[in-house]
Amino acid sequence: TLFLDQETLRNLEIFEPLRGNTDETTLIYHIDRTKTAAGGRELRDWLMRPSRKMSVIEERLDSVETFTENKSGLRRLRDSLTGMPDIERVLSRIVTGKAAPRELLALATALERIPEIAEICSGINAGAITRAASDMNTPVEAGRLIEQSIVLDCPAHMRDGGFIRYGFDPELDRLIDDSEGGKNWIAALQETERERTGIPTLKVGFNKVFGYFIEVSRIHQDKVPDDYTAKQTLVNSQRYITQVLKERESRILTAESRRVELEREIFSRICADIAIESASLRKIASAIAHVDTLSSLADLALEKDYCRPEMNTSLDLVITGGRHPVVENLSGTNFIPNDLVLRPDERQLLIITGPNMGGKSTYIRQAALVSILAHMGSFVPAARVEMGIMDRIFTRVGSSDNLARGQSTFLVEMAETARILHGCTSRSLVLLDEIGRGTSTLDGLSIAWAVTEYLVEDKGRRPKTLFATHYHELTDLSARFGRIQNVRIAVKEWGDSIVFMYHVEEGKSDRSYGIHVAQLAGLPSSVVERAGEILEMLERDTSGPDTGAISTERQMSLFHPADELRDKINSLETDHLTPIQALEFLSGLKDIISRD
C-alpha cells in the first residue's frame with residue numbers, strides 16, 4: 001500500500017479536522033457518497049491504505065469510468081443500494097451470539113434485495129463490477145430459513161418470546177397451543193364467574209408477583225362463593241384463587257416458560273445454521289461494499305468534474321489544473337486551479353515562496369490529496385494528471401508541541417523532519433511547510449538550507465519535494481542545483497494594500513507581506529505602523545537587527561516623550577536640589593526632547 005503515517009493523515013485532515021469540531025475540513029466528509037455502511041467502511045479503508053498495485057488501481061479506475069459512461073445504470077444501482085441493511089455487521093453479531101430476531105429479519109431483507117442489485121451490476125461492463133455481480137449470486141439458504149422461522153412483527157427482545165413462527169417446530173407449536181389455549185380459558189373464565197356468582201364487576205387478572213387471581217369489590221363480599229380462597233387484600237377489593245384456576249395457572253405458566261426457553265434454543269440453532277454460510281454471506285457483503293464504493297466515486301467524479309489519472313511506472317508527478325477537493329467545496333466557484341510539474345531528473349524540488357495567506361499550504365496539500373485519491377482508484381480534482389506509483393507521502397506541516405513528553409515545538413518539528421529524511425525514497429512525495437521557524441532566524445535558515453541540499457544531493461533518496469518557505473534566501477539554491485526550481489504565489493500590490501491572486505507561477509518572491517496580513521488579522525494600527533517603520537530600518541541595515549539603530553524619533557510614534565518627561569519631573573525633589581544638579585537635570589530633559 002501507499003504508506004500514510006498518522007502525522008500525514010492528521011496534517012492532510014483526511015479523517016479528522018486539525019482544529020474545531022466540524023468535519024467539513026476533512027477529505028472523507030467531501031468524497032464519501034456511499035449508500036451503505038459497508039461501502040463507507042471500504043471507502044475509509046481505501047483512503048487510509050491506498051494501493052500501490054497498478055492492476056488494482058487500474059481496475060478500480062476502469063469501473064469508475066464505466067459507471068460515469070452509464071449514468072442510468074449508475075442511478076439505478078445507487079437507488080437500489082439506498083437503505084441496504086448492513087449484512088456484515090448482522091453476520092458478526094450472529095456468529096458471536098449477540099443477534100436479535102429483528103437483525104435476522106434485516107439480513108433476510110438485504111438478501112431479498114440482492115438479485116436486483118446483481119442484475120443491475122451484470123449490465124455494467126467492467127471487470128470488478130461483473131465479478132461483484134457473480135459474487136452476489138452465491139447461493140445461500142439464510143434468507144429462506146429466516147422467512148420460515150422468524151415472525152415479521154417480532155418483538156425487539158427475546159425475553160418474552162413470540163418471535164418464532166407457528167408451524168416451524170412441532171414441540172413449540174404444542175407449547176404455544178397450551179399457552180394460548182390457557183389464556184383463552186382465562187379470558188372466558190371472567191364471564192363464566194360473573195354469571196355463576198352474580199357479581200357484575202368481578203375481574204380475572206394477572207401480575208408477575210401473585211399470578212392469576214379473581215378480584216371482587218368489597219360491596220359484593222357477601223356474594224363470594226365458598227370455593228374462593230383469599231389471596232390478597234386491597235383497600236377496596238379482595239383477590240381470590242380457586243383450585244381450578246390454580247391448576248390452570250400452573251399449566252399456563254409452565255407452558256409459557258418452556259415456550260420462551262424453547263424459542264431461544266430454536267433461535268440459537270437458526271443462528272448456527274446461518275453461521276455455517278458465513279463465508280458465502282461475507283462474499284456477498286463484500287461485493288455490495290465494493291460496488292457501493294466504486295459507484296460512490298463515480299458519482300463524485302460526475303458531480304465535481306474529476307478526471308481519470310494516468311498512472312505509470314515513472315517517478316513523475318504532473319498535474320494540470322489541480323484543485324484542492326476540500327477548499328474547492330468550501331470556497332465554491334472561486335477556487336483558482338494550478339499546475340504542478342515534478343520530474344526528479346530535472347525538476348525534483350520546488351521552493352515555493354509568496355505572501356502569507358496566498359495559498360502555499362493549499363498548493364502543496366492538494367498535490368498530496370490528488371496523489372492519494374489516484375492511488376485509491378478514484379478520479380481526481382484536476383484537468384489532467386500523469387503520475388508514477390509512489391511508496392510514501394511525508395508531511396512536515398504546522399507547529400505543535402508535546403508537553404507531556406517534554407518536547408518543545410521545535411523538537412517535534414525536527415523529529416518529524418528527521419523521520420522524513422531517514423524514510424524517504426525516490427518514489428516518495430515530501431511536503432515541507434516551513435522548517436526551522438521555532439528557533440533563531442540564522443539557526444532555522446541553516447537547518448532549512450541543509451535539509452534542502454540533502455534532499456537533492458543524496459542519490460539514494462531524491463524524493464519529489466514541495467517546500468513552502470519564508471526563507472527567501474533558499475531560492476538561491478536553484479542556481480547551484482538544476483533539480484531545484486523556484487515558484488511563487490502571485491500577488492498584486494494596490495497602493496498600501498495587496499491582492500492575493502492564488503496563482504502559482506515560475507520565479508521567486510522576495511517579500512512575505514506579513515505586516516499586511518497582521519493588519520488583516522486586526523492588530524492595533526499603531527503596532528502595524530511601528531512594524532512597518534522597523535521593517536524599513538532593518539531592510540536598510542543588511543547586517544541584521546541592531547537595537548542601537550532604532551531611533552528615538554521613531555520610538556516616539558509608539559511611546560510619547562511626554563510620558564517620560566512627566567515621570568522624570570515627578571521624581572524630582574526640588575527642596576534639596578543644588579544649582580549644579582538643576583543644570584544637569586535640565587540637560588537630561590533636553591536630551592530626551594532632542595534625542596535622535
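Since this is a predicted model, take the numbers as computed values, not measurements. For this chain, numbers begin at 1 and follow the sequence in order. Below, all heavy atoms of this structure are taken into account, side chains as well, without hydrogens, waters or symmetry copies.
- Atom OG of Ser295 and atom CG of Leu300 lie 11.5 Å apart (nearest 0.5 Å).
- Scored by the side chain to side chain contact (heavy atoms under 4.5 Å, CB included) test, Asp86 finds Ala37, Ala38, Arg41, Glu88, Arg89 as partners (sequence neighbours excluded).
- In this structure the side chain of Ser378 never reaches within 4.5 angstrom of the side chain of Val64, judged on heavy atoms.
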Apply side-chain contact (heavy atoms from CB on, under 4.5 Å) to Ile117 and Leu77, showing your working.
-> CA-CA 6 Å; Ile117 298 173; Leu77 176 62; 3.7 Å; yes

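- Open room surrounds CD on Glu112; 12 or fewer heavy atoms of other groups in view lie less than 6.0 Å from it.
- Residues Ile372 and Leu12 share a closest heavy-atom pair of CD1-CD1, 3.7 Å.
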Begin from the C-alpha positions of Asp135 and Arg131 and carry the test salt bridge (Lys or Arg N to Asp or Glu O under 4.0 Å) through to its verdict.
-> CA-CA 6 Å; Asp135 290 344; Arg131 189 166 57 252; 5.6 Å; no

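- Looking only at side-chain heavy atoms (C-beta outward), Leu445 and Leu474 come within less than 4.5 Å of each other.
- Under the rule for a side chain to side chain contact (heavy atoms under 4.5 Å, CB included), the partners of Asn486 that lie at least two apart in sequence or sit in another chain are Ile351, Thr475, Ser478, Lys508.
- Scanning for side chain to side chain contact (heavy atoms under 4.5 Å, CB included) contacts around Asp339 gives Thr320, with sequence neighbours left out.
- For the pair Arg33 and Glu303, the salt-bridge criterion is met [side-chain N within less than 4.0 Å of a carboxylate O].
- For the residue pair Ser72/Asn70, the side-chain donor-acceptor check at 3.5 Å is satisfied.
- Scanning both residues, Asn338 and Val504, for their nearest heavy atoms gives OD1-N, 2.7 Å.
- No donor-acceptor pair closer than 3.5 Å links the side chain of Ser286 to the backbone N or O of Lys283.
- In this structure, Asp476 places its CG atom where more than 12 heavy-atom neighbours from other residues, nucleotides or ligands lie under 6.0 Å away.
- A donor-acceptor contact shorter than 3.5 Å links the side chain of Thr8 to the backbone of Ile393.
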Residues Glu7, Phe394; criterion side-chain contact (heavy atoms from CB on, under 4.5 Å); working and verdict = CA-CA 8 Å; Glu7 285 300 316; Phe394 292 93; over 6 Å; no

When you look at Asp433 and Lys360, which way does the side-chain contact (heavy atoms from CB on, under 4.5 Å) test go after all the steps?
-> CA-CA 8 Å; Asp433 194 351; Lys360 297 190 300 297; 5.6 Å; no

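- The CH2 atom of Trp46 sits 11.0 Å away from the CD1 atom of Ile31 when rounded to the nearest 0.5 Å.
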Starting from the C-alpha separation in whole Å, work towards a yes-or-no answer on side-chain hydrogen bond (donor to acceptor under 3.5 Å, both in side chains) for Glu116 and Ser80.
-> CA-CA 8 Å; Glu116 178 189 358; Ser80 66; 5.1 Å; no

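- By the 4.5 Å heavy-atom criterion applied to side chains, Met311 and Ile389 are counted as neighbours.
- Looking only at distances, a side-chain donor or acceptor of Thr36 sits under 3.5 Å from a matching main-chain atom of Gly39.
- In this structure, Leu455 CG and Cys424 SG are separated by 6.0 Å, a value rounded to the nearest 0.5 Å.
- Residues Arg49 and Asp45 are paired through a salt bridge, judged by an N-O separation under 4.0 Å between the basic side chain and the carboxylate.
- Note that CZ of Phe67 and CD1 of Ile124 are 5.0 Å apart. Values are rounded to the nearest 0.5 Å.
- Although no hydrogens or angles enter the test, the distance criterion places a donor-acceptor pair under 3.5 Å between the side chain of Glu434 and the main chain of His470.
- The side chain to side chain donor-acceptor pair (under 3.5 Å) contacts involving residues 366-375 comprise nothing, where partners must be two or more places apart or lie in separate chains.
- Shown here for Leu342 and Lys464, the closest heavy-atom pair between the two residues is CD1-CB, 3.8 Å.
- Side-chain N or O atoms of Ser296 include none that pairs as donor or acceptor with a backbone N or O of Asp292 at under 3.5 Å.
- Looking at heavy atoms from C-beta onward, Pro344 lies in side-chain contact with Asp316 at the 4.5 angstrom threshold.
- Other residues, nucleotides and ligands contribute at most 12 non-hydrogen atoms within 6.0 Å of the CD atom of Glu16.
- Using a distance-only test at 3.5 Å, with no hydrogens or angles considered, a donor-acceptor pair links the side chain of Arg60 to the main chain of Met376.
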What do the steps show when you test Arg347 against Glu506 for salt bridge (Lys or Arg N to Asp or Glu O under 4.0 Å), and what is the final call?
-> CA-CA 12 Å; Arg347 193 180 173 91; Glu506 298 294 317; 2.6 Å; yes

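- Side chain of Thr395 to main chain of Val397: no donor-acceptor pair is present (N/O by atom type, distance under 3.5 Å, no hydrogens or angles).
- For the atom pair Leu349 CG and Leu432 CG, the distance stands at 7.5 Å (nearest 0.5 Å).
- In plain terms, the two heavy atoms of Leu4 and Leu47 that are nearest each other are CD1-O, 3.8 Å.
- Residues passing the side chain to side chain contact (heavy atoms under 4.5 Å, CB included) test with Arg462 are Gln348, Lys459, Arg483, sequence neighbours excluded.
- Taking a 6.0 Å sphere around CZ of Phe15, one finds it holds more than 12 heavy atoms contributed by other residues, nucleotides or ligands.
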Candidate pair Leu302 and Leu74, rule side-chain contact (heavy atoms from CB on, under 4.5 Å), full reasoning = CA-CA 11 Å; Leu302 287 171; Leu74 176 62; 3.7 Å; yes

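- In this structure the side chain of Phe467 never reaches within 4.5 angstrom of the side chain of Ile484, judged on heavy atoms.
- Rounded to the nearest 0.5 angstrom, Ile87 CD1 and Leu111 CG are separated by 5.0 Å.
- No side-chain donor-acceptor contact under 3.5 Å links Lys304 to the backbone of Val380.
- No side-chain donor-acceptor contact under 3.5 Å links Arg396 to the backbone of Glu416.
- The nearest pair of heavy atoms linking His324 to Phe335 is N-CZ, 3.3 Å.
- For the residue pair Lys53 and Ser51, the shortest heavy atom distance occurs at N-OG, 3.0 Å.
- Not a single donor-acceptor pair under 3.5 Å links the side chain of Arg78 to the backbone N or O of Lys35.
- Within 6.0 Å of CD on Gln6 lie no more than 12 heavy atoms contributed by other residues, nucleotides or ligands.
- Within the 4.5 Å cutoff, the side chain of Ile447 has heavy atoms near those of the Ile435 side chain.
- The shortest distance between side-chain heavy atoms of Arg10 and Leu18 falls below 4.5 Å.
- Evaluation of the salt bridge (charged side-chain N to carboxylate O under 4.0 Å, His left out) rule for Glu310 yields Arg384 as partners, not counting sequence neighbours.
- Here the side chains of His30 and Leu330 are in contact, with some heavy-atom distance below 4.5 Å.
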